[in-house]
Amino acid sequence: MDIKSTVFFLSLGTNMGDKAANIAKALDFLSKIGPILKISSLYETEPMGMEPGAANFLNLVLCL
């Protein structure tokens with residue numbers, strides 16, 4: 001039997017509550033689906049297309 005693997009690139013972002021904890025929970029959950037091969041640095045970005053006063057986002061990209 002020939003087993004093929006699939007690689008996914010996911011972008012994660014959060015701007016609510018404890019942003020670092022939200023990212024950590026997402027990474028923990030995703031690691032149960034498959035091995036996380038690479039994770040980018042964390043980036044803080046300003047919201048676009050949202051109501052004035054919206055909190056900045058914490059973002060990263062990962063390879064699963």
| At what distance, to the nearest 0.5 angstrom, does CG of Leu37 lie from CZ of Phe8? | 11.5 Å
| note | NZ (Lys25) and OG1 (Thr14) are apart, to the nearest 0.5 Å, by 10.0 Å
| remark: Between Leu27 and Ile36 the two heavy atoms that sit nearest each other are O-CD1, 3.6 Å
Donor-acceptor pairs under 3.5 Å, side chain of residues 51-64 to any protein atom, not counting sequence neighbours: which ones?
from, atom 1, to, atom 2, distance (Å)
Asn56, ND2, Glu44, OE2, 3.4
Asn59, ND2, Thr45, OG1, 2.6

| request: Go through the structure and list residues passing side-chain contact (heavy atoms from CB on, under 4.5 Å) with Asp18, not counting sequence neighbours. | output: Ala20, Ala21
| field | salt bridge (Lys or Arg N to Asp or Glu O under 4.0 Å): pairs with one or both residues in residues 31-40, sequence neighbours excluded | value | Asp28-Lys32
| When Ile, Leu, Val, Met, Phe, Trp and Tyr are grouped by side-chain heavy atoms lying under 4.5 Å apart, directly or through other members, which residues fall in the same group as Met48? | none
| task | Kindly give the cluster partners of Phe9, where membership spreads through any ILVMFWY side chain lying under 4.5 Å from a current member. | result | Val7
| request: For the residue pair Phe29 and Ser31, establish whether any side-chain heavy-atom pair is separated by less than 4.5 Å. | output: no
| Transitive ILVMFWY side-chain link Tyr43 to Leu10, under 4.5 Å | no
